[in-house]
Trainee: 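Following this message is one structure expressed as structure tokens.
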Amino acid sequence: MSVVIIGGHERMENRYKEICKKYRHKTKVFTKMRSDLSRQIGTPDLVILFTATASHKMVRCAITESVRSNAVLERSHSSSASALIHILEAYV
């Protein structure tokens, strides 16, 4: 399964990837808005949106791309490791 994480903290980026690797998921993490974010997202199976740390522009981009690629969109206010684990457990 491929997972895209939008938002979160930069210092947690490697931790997010480690957690997803334990569940055998390919992961892309975007903590900052890029000009080509919509092209970088691709066609994931799951988009995780950490709403507290994502800008409004990132949120709109993530929603648009998840609808376009028929990906499941999960939102979490918290961008902690335990919040990510909780979301991934629901899709195992």
Side-chain angles (χ1 to χ4, degrees):
M1 177 186 281
S2 62
V3 177
V4 172
I5 299 173
I6 306 288
H9 299 286
E10 284 183 58
R11 67 178 185 268
M12 291 285 291
E13 191 170 337
N14 288 332
R15 181 77 173 117
Y16 296 148
K17 289 179 182 179
E18 288 173 10
I19 291 169
C20 290
K21 195 176 210 180
K22 288 181 184 176
Y23 288 92
R24 295 190 175 113
H25 299 315
K26 291 182 180 179
T27 308
K28 291 182 184 177
V29 180
F30 300 101
T31 56
K32 291 183 179 179
M33 182 63 187
R34 297 180 177 181
S35 60
D36 61 343
L37 181 64
S38 61
R39 283 182 273 143
Q40 291 288 321
I41 290 176
T43 55
D45 299 314
L46 175 64
V47 176
I48 299 173
L49 185 58
F50 291 137
T51 56
T53 54
S55 68
H56 291 283
K57 194 172 182 180
M58 287 176 75
V59 171
R60 278 182 275 150
C61 181
I63 292 170
T64 303
E65 291 302 312
S66 66
V67 169
R68 183 189 58 78
S69 65
N70 293 325
V72 177
L73 178 67
E74 281 291 327
R75 299 177 191 216
S76 175
H77 186 71
S78 173
S79 57
S80 65
S82 62
L84 177 60
I85 291 169
H86 181 72
I87 291 169
L88 292 177
E89 284 288 327
Y91 291 96
V92 172

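As the structure is a prediction and not an experimental result, all values here were calculated from the model.
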Trainee: Please enumerate all residues that pass side-chain contact (heavy atoms from CB on, under 4.5 Å) together with Arg68, with sequence neighbours excluded.
Mentor: Thr43, Glu65
Trainee: Among pairs that include at least one residue of residues 40-64, which meet salt bridge (Lys or Arg N to Asp or Glu O under 4.0 Å), considering only residues two or more places apart or in two chains?
Mentor: none
Trainee: Does Val29 share a hydrophobic cluster with Ile6, counting links as ILVMFWY side-chain heavy atoms below 4.5 Å and allowing steps through other members?
Mentor: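 Val29 and Ile6: separate clusters.
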Trainee: Give a yes or no on whether Leu73 and Val3 share a hydrophobic cluster (residues Ile, Leu, Val, Met, Phe, Trp, Tyr; joining criterion: side-chain heavy atoms under 4.5 Å apart).
Mentor: no
Trainee: With ring pair (Phe, Tyr, Trp, His ring centres under 6.0 Å) as the rule and sequence neighbours excluded, what pairs involving residues 26-53 come up?
Mentor: Tyr16-Phe50
Trainee: Scan for side chain to side chain donor-acceptor pair (under 3.5 Å) pairs involving residues 79-92, sequence neighbours excluded, and state none if there are none.
Mentor: His9-Ser79, Tyr23-Glu89, Glu74-Tyr91, Ser78-Ser80, Ser80-Ser82
Trainee: When rounded to the nearest 0.5 angstrom, what is the spacing between CD1 in Ile41 and CE in Met58?
Mentor: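 That separation rounds to 8.0 Å.
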Trainee: Are Leu49 and Leu84 grouped together when hydrophobic residues (ILVMFWY) are joined by side-chain heavy atoms under 4.5 angstrom apart?
Mentor: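 Hydrophobic grouping puts Leu49 apart from Leu84.
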Trainee: Sorted by first residue and then second, give each salt bridge (Lys or Arg N to Asp or Glu O under 4.0 Å) pair with at least one member in residues 76-85; sequence neighbours left out.
Mentor: none
Trainee: Using every non-hydrogen atom in the two residues, find where Pro44 and Ala71 come nearest and quote the distance to one decimal.
Mentor: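 Heavy atoms only, the tightest pair is O-CB, 3.2 Å.
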Trainee: Kindly work out whether a path of hydrophobic side-chain contacts (I/L/V/M/F/W/Y, heavy atoms less than 4.5 Å apart) joins Val47 to Met33.
Mentor: yes
Trainee: Return the set of residues passing salt bridge (Lys or Arg N to Asp or Glu O under 4.0 Å) with Arg15 (not counting sequence neighbours), or none when no residue passes.
Mentor: Glu18
Trainee: Check whether any side-chain heavy atom of Ser76 lies under 4.5 Å from a side-chain heavy atom of Ile87, and answer yes or no.
Mentor: yes
Trainee: Roughly how far, to the nearest 0.5 Å, is NZ of Lys28 from NZ of Lys17?
Mentor: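 Rounded to the nearest 0.5 Å, the NZ-NZ separation comes to 11.0 Å.
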Trainee: Heavy atoms, side chains only, cut-off 4.5 Å: are Met1 and Leu88 in contact?
Mentor: no
Trainee: Could you go step by step and tell me if Ile5 and Cys20 meet the side chain to side chain contact (heavy atoms under 4.5 Å, CB included) rule?
Mentor: CA-CA 10 Å; Ile5 299 173; Cys20 290; 4.2 Å; yes
Trainee: Among residues at least two apart in sequence or on other chains, which ones pass salt bridge (Lys or Arg N to Asp or Glu O under 4.0 Å) with Lys32?
Mentor: Glu10
Trainee: Looking at every heavy atom in both Gly7 and Thr31, which two are closest together, and how far apart are they?
Mentor: O-CG2, 3.6 Å
Trainee: Taking side-chain contact (heavy atoms from CB on, under 4.5 Å) as the test, write out the residues that go with His77, two or more places apart.
Mentor: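 If we apply the side-chain contact (heavy atoms from CB on, under 4.5 Å) test to His77, skipping adjacent residues, the hits are Thr51, Ala52.
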Trainee: Applying side-chain contact (heavy atoms from CB on, under 4.5 Å), can you list everything that pairs with Asp36, at least two apart in sequence or on another chain?
Mentor: Arg34, Arg39, Gln40
Trainee: Between Ile19 and Thr27, does the side chain to side chain contact (heavy atoms under 4.5 Å, CB included) criterion hold? Intermediate values first, please.
Mentor: CA-CA 10 Å; Ile19 291 169; Thr27 308; over 6 Å; no
